[in-house]
Amino acid sequence: MKTKALMLSLALTFSSLASADVVIIVHPSNETTLTEGEIKNIFLGKLNSFSNGSQAIAISLTSDSGGFDHFLSALIGRSPAQWKSYWANKAFTGEMTPPRQVNTSEMISLIATNPNLIGFVEDKDIPSTVKIIHKL
């Protein structure tokens, strides 16, 4: 009996440590279609428009938000330190500024009111006020 209780406790512990999937979200009226490469380039500042021609503005979760590390590794292919270094270099050379960083609730609120924004959140946090366009 103690063995079963221990196994159940361990299973619950490890399942709570597993990170949720991350989804890329836009305003519900945004009818764009983007490849994973195009999404990556928007977040790297290399692409500034959606496939429909409208302006694309990336916003990022803060580094302490759930899903940030998963987003960087799964889509961008960089560690948090590499991401920070990339944007520090771009800002220093005057090329561009990094995406604004916000928490999850602000991300959803901003995207729900602005069709030009694109962001990411954990898939457990998705209200109907935003639209998922890609899952990582």
Measuring only between side-chain heavy atoms, which start at C-beta, is [X] closer than 4.5 Å to [Y]?
| X | Y | result |
| --- | --- | --- |
| Ile108 | Pro127 | yes |
| Ser29 | Pro115 | yes |
| Glu36 | Leu136 | yes |
| Ile126 | Ile132 | yes |
| Leu117 | Val26 | no |
| Gln55 | Ser49 | no |
| His27 | Val130 | no |

Rounded to the nearest 0.5 Å, what separation is found between the [atom1] atom of [X] and the [atom2] atom of [Y]?
| X | Y | atom1 | atom2 | result |
| --- | --- | --- | --- | --- |
| His70 | Glu122 | NE2 | CD | 9.0 Å |
| Arg78 | Lys84 | CZ | NZ | 15.5 Å |
| Asn30 | Asn52 | CG | CG | 5.5 Å |
| Asp64 | Asp69 | CG | CG | 10.0 Å |
| Glu38 | Ile133 | CD | CD1 | 9.5 Å |

Which of Ile57, Ile24, Leu34 passes side-chain contact (heavy atoms from CB on, under 4.5 Å) with Ile42? It is Leu34
Might you point out which heavy atoms bring [X] and [Y] nearest each other, and give the distance in Å?
| X | Y | result |
| --- | --- | --- |
| Ser79 | Gln82 | N-OE1, 2.7 Å |
| Val121 | Leu61 | CA-CD1, 4.1 Å |
| Ala58 | Pro99 | O-CB, 3.4 Å |
| Phe43 | Ile118 | CZ-O, 3.8 Å |
| Met96 | Leu44 | SD-O, 3.9 Å |
| Asp21 | Lys135 | OD2-CE, 3.2 Å |

Practice prompt. Return the orientation label for the Tyr86 and Trp83 ring planes: parallel under 30°, perpendicular over 60°, tilted otherwise.
Written response: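 Correct class here is parallel.
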### Task
Over 60° means perpendicular and under 30° means parallel, so classify the ring planes of Phe71 and Phe120, tilted if in between.
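Correct class here is parallel.
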Under the salt bridge (Lys or Arg N to Asp or Glu O under 4.0 Å) test, which residues partner Glu106, sequence neighbours left out?
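In terms of salt bridge (Lys or Arg N to Asp or Glu O under 4.0 Å), with neighbours along the sequence ignored, Glu106 is linked to Arg100.
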Derivation and outcome, side chain to side chain contact (heavy atoms under 4.5 Å, CB included), residues Ile111 and Ile59: CA-CA 9 Å; Ile111 290 178; Ile59 55 177; 4.0 Å; yes
Between Thr104 and Ser65, do the side chains contain a donor N or O and an acceptor N or O under 3.5 Å apart?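 No - no donor-acceptor pair under 3.5 Å links their side chains.
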Assess whether side chain to side chain contact (heavy atoms under 4.5 Å, CB included) is satisfied between Ile76 and Lys40, documenting all intermediate values.
CA-CA 6 Å; Ile76 306 299; Lys40 177 180 178 177; 4.0 Å; yes
Inset, instruction - Verify, without hydrogens or angle tests, whether Ser51 (side chain) and Thr33 (backbone) share a donor-acceptor contact under 3.5 angstrom. - result: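 Judged by distance alone, yes, a pair lies under 3.5 Å.
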Donor-acceptor pair, side chain of Ser54 and main chain of Phe50, under 3.5 angstrom =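 Answer holds: no.
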**Q.** Thr35/Ile39 under side chain to side chain contact (heavy atoms under 4.5 Å, CB included): CA gap, chis, key distance, verdict
**A.** CA-CA 6 Å; Thr35 66; Ile39 295 168; over 6 Å; no
